[in-house]
Amino acid sequence: MLDIQFIRDHADRVRTAMQQKGIGDGSLVDQVLAADTERRELIAQTQDTQTRSNAAAREIGTLMKEGRKEEAQAAIAESSQLKATLKELEEKERLVQEKVDALLLEVPNVPHDSVPVGRTPADNVVAFEWGTPREFDFEAVPHWDLLDRHDLADFDRGSKVTGAGFPFYRGPGARLQRALINFFLDEAVQAGYVEIQAPLVVNADSARGTGQLPDKEDMMYEAKKDGLYLIPTAEVPVTNLHRDEIFGADQLPIRYCAYTPCFRREAGSYGKDVRGLNRLHQFDKVELVHFVRPEDSYQALEDLREHAESLLRKLELPYRRLLMCTGDMGFTQAKKYDLEVWSAAQARWLEVSSISNFESFQARRMMIRYRAEQTGKPQIIHTLNGSGLALPRIVAALLENNQQADGSITVPAALRPYFGSDAIG
RNA sequence: GGAGGGGUGGCGGAGCCUGGUUGAACGCACCGGUCUUGAAAACCGGCAUACCUUUACGGGUAUCGUGGGUUCGAAUCCCACCCCCUCCGCCA
């Protein structure tokens, strides 16, 4: 959510941002401004009426105390009139406030100046590449076949027990999951992140705070009876951890890492995109979240990105970094990088991390603030998050890239202490 | 799930029965000042958040878990919900 004051002061910039992100033609901005003007007029009227009503009530109190009954009765009659007016005004104000709030929720974040303008994924900028895709002297086997061959995962029984996209991992397959989770968490803690274990279900306020509600409820599994949602990412509980809080100036920055399973309905997916581990309804991820002062957020974005990339290098996975263009980066981000690893047998890039600076967009919705030492006034902070990293596609790339002619799979050195062996099969 | 008690400002804690200058006593913490060589102590002053309005100084409105109700007037009375504590039950 943008600051209404910011929209008032920079209407053109917001209009442009909407066009660049491919969200409407910017006329929404004029609707917001019109509703906001109406709102302020109503507030002025309401408050004026309340002022008079309060004065009357105080007057009546004095008269009653002094025993001037008749005068009090007259004042009460007059005050009752005001009350009726007030009720009408308050109702109008409530409606227009709701309208402003609803409109504000539809205004996307403004892209940072360094973000390339573009419409489609083709306009994203490949900002960096690392590693060289391996040359095979045999036919590389896709990871779903490798999983099967080594009995690492069981998709069919997952489908029986739960449904498509909920595999069982077993034996070394399960062990590999645990190794990666521990590796990612240890690396984060070593880099100064505080480890969090978070609830896997959240209430509607939290889902709204990070922006899953109102638009994206279809992505979440819902426990209707209790009004709770299964988390689509640890970002939701971990960012909401500090909803409605005011930090002291010395408490920032805060950096959290959290491992959680993630649950996504992924309605409408099909084909090669969902084959094997490419897209699941339940998957594991270590998420990194930063709470920082506004002036520090772009440095934090680079730090976060660098940490995530260091994991890929330690795992010896060829990867590339995309700087997402305005049209492909989504509603809430001001700037976003994607990290993609090379999947040797599929011969395609797989997204394994998405790293974003939301600036104040999320924090304003959640009213997360800090007390700036200069002014002493509460100020909205900036939030960032990024995957560090998401497991299934990492597993897919590890298996495909490290397969040997004899069918075995080499485990990268960094992972061996965690996995307890240097190869599968 | 059942019975009882409770949710007040950064913290502690009055006020609620008996509705009326109570946005809220008092204490602690914090900030500024006086004093002091310096510090402590003492004393004086300040110290919630959001919104509306104002060039500014300032003025106003709302908020005592949340939402609704009664009333001219609600932290205070009534209803619903949420959360916490104690006891009982159940359970990994």
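Letters A, B, ... mirror the listed sequences (proteins, then strands); counts begin at 1. Just so you know, these numbers come straight off a predicted model, no measurement behind them.
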**Item:** Residue pair A:Thr210 / A:Glu235, side-chain donor-acceptor N/O under 3.5 Å
**Value:** no
**Request:** Counting heavy atoms from C-beta on, name the nucleotide in B:rU49, B:rA62, B:rC72 closest to the side chain of A:Asn54.
**Result:** B:rA62
**Item:** Whole-Å distance separating the CG atom of A:Asp48 from the P atom of B:rU61
**Value:** 10 Å
**Asked** Of A:Gln50 and A:Lys87, whose closest RNA chain B nucleotide lies nearer the 5' terminus?
**Response** A:Gln50
**Pairwise C1' distance, B:rC17 and B:rA74 [rounded to whole Å]** = 15 Å
**Worked verdict on A:Arg15 versus A:Asp30 for salt bridge (Lys or Arg N to Asp or Glu O under 4.0 Å)** = CA-CA 9 Å; A:Arg15 271 189 213 100; A:Asp30 300 296; 2.8 Å; yes
**Fill in**
Using Watson-Crick geometry (N1-N3 plus N6-O4 or O6-N4) or G-U wobble (N1-O2, O6-N3), each under 3.5 Å, B:rU76 is paired with none
**Request:** Give the nucleotide from the list B:rA50, B:rU61, B:rU71 with an atom nearest to the side chain of A:Gln47.
**Result:** B:rU61
**Asked** Whole-Å distance between B:rG65 P and A:Asn203 CG?
**Response** 20 Å
**Request:** Would you jot down, in residue-number order, the residues of residues 33-44 of chain A having a non-hydrogen atom under 4.0 Å from RNA chain B?
**Result:** A:Arg39, A:Arg40, A:Ile43
**Item:** Interatomic distance, A:Asp101 CG vs B:rA50 P [rounded to whole Å]
**Value:** 16 Å
**Request:** Using the C1' atoms only, state how far B:rC64 lies from B:rG7, rounded to an integer number of Å.
**Result:** 10 Å
**Prompt:** Expressed in angstrom and rounded to an integer, what is the separation of A:Ile246 atom CD1 from B:rU49 atom P?
**Reply:** 6 Å
**Message:** As a test of reading the structure: which of B:rU49, B:rC72, B:rG60 is closest to the side chain of A:Lys377, going by heavy atoms?
**Reply:** B:rU49
**Asked** How long is the line joining CD1 of A:Ile368 and C1' of B:rA50, in whole Å?
**Response** 17 Å
**Asked** Taking atom P in both B:rU22 and B:rC28, what distance in whole Å separates the two?
**Response** 23 Å
Using atom names, set out every protein N or O paired with an N or O of nucleotides 20-23 of chain B below 3.5 Å, distance rounded to 0.1 Å.
from, atom 1, to, atom 2, distance (Å)
B:rG20, N2, A:Ala57, O, 2.9

**Request:** Answer with base, sugar-phosphate or nothing: what part of the nucleic acid does A:Arg52 contact at a heavy-atom distance below 4.0 Å?
**Result:** nothing
**Prompt:** What integer number of Å spans the P atoms of B:rU21 and B:rC35?
**Reply:** 40 Å
**Counter-base of B:rG4, judged by Watson-Crick or G-U geometry with both distances under 3.5 Å** = B:rC85
**Request:** Establish, for the pair A:Arg305 and A:Tyr337, whether the NZ or CZ atom is under 6.0 angstrom from the six-membered ring centre and no further than 45 degrees off its axis.
**Result:** yes
**Prompt:** Between B:rG12 and B:rU55, how far is it from one P atom to the other, in whole Å?
**Reply:** 42 Å
**Item:** Whole-Å P distance, B:rC16 and B:rC77
**Value:** 9 Å
**Prompt:** Should B:rU61 form a Watson-Crick or G-U wobble pair with both distances under 3.5 Å, which nucleotide is its partner?
**Reply:** B:rA50
**Request:** Would you mind reading off the distance between A:Arg94 atom CZ and B:rC51 atom C1', rounded to a whole angstrom?
**Result:** 18 Å
**Complete:** To the nearest angstrom, the CE-C1' distance between A:Met367 and B:rC51 comes to 11 Å
**Message:** Can you see whether A:Gln5 engages A:Arg8 through a side-chain donor-acceptor pair at a distance of less than 3.5 angstrom?
**Reply:** yes
**Item:** Interatomic distance at C1', B:rG60 relative to B:rU54, whole Å
**Value:** 11 Å
**Asked** Taking atom P in both B:rA40 and B:rG59, what distance in whole Å separates the two?
**Response** 34 Å
**Item:** Given RNA chain B, 5'-ward residue of the pair A:Thr46 and A:Arg369, judged by closest heavy atom
**Value:** A:Arg369
**Prompt:** Without hydrogens or angle criteria, can the side chains of A:Asp338 and A:Ser354 be said to hold a donor-acceptor pair below 3.5 Å?
**Reply:** yes
**Request:** Check whether the side chains of A:Glu93 and A:Gln45 place a donor and an acceptor atom closer than 3.5 Å, and report yes or no.
**Result:** no
**Request:** Report yes or no: do A:Gln299 and A:Asp303 form a side-chain donor-acceptor pair below 3.5 Å?
**Result:** yes
**Prompt:** What do you reckon, is CD of A:Gln81 surrounded by more than 12 foreign heavy atoms closer than 6.0 Å?
**Reply:** no
**Item:** Integer-rounded Å distance: B:rA50 C1' and A:Arg365 CZ
**Value:** 19 Å
**Prompt:** Is the count of non-hydrogen atoms from other residues, nucleotides or ligands lying under 6.0 Å from A:Arg416 atom CZ greater than 12?
**Reply:** yes
**Request:** Examine the side chains of A:Arg393 and A:Ser343 and answer whether a donor and an acceptor come within less than 3.5 Å of each other.
**Result:** no
**Within 6.0 Å of CD in A:Gln197, more than 12 heavy atoms from elsewhere** = no
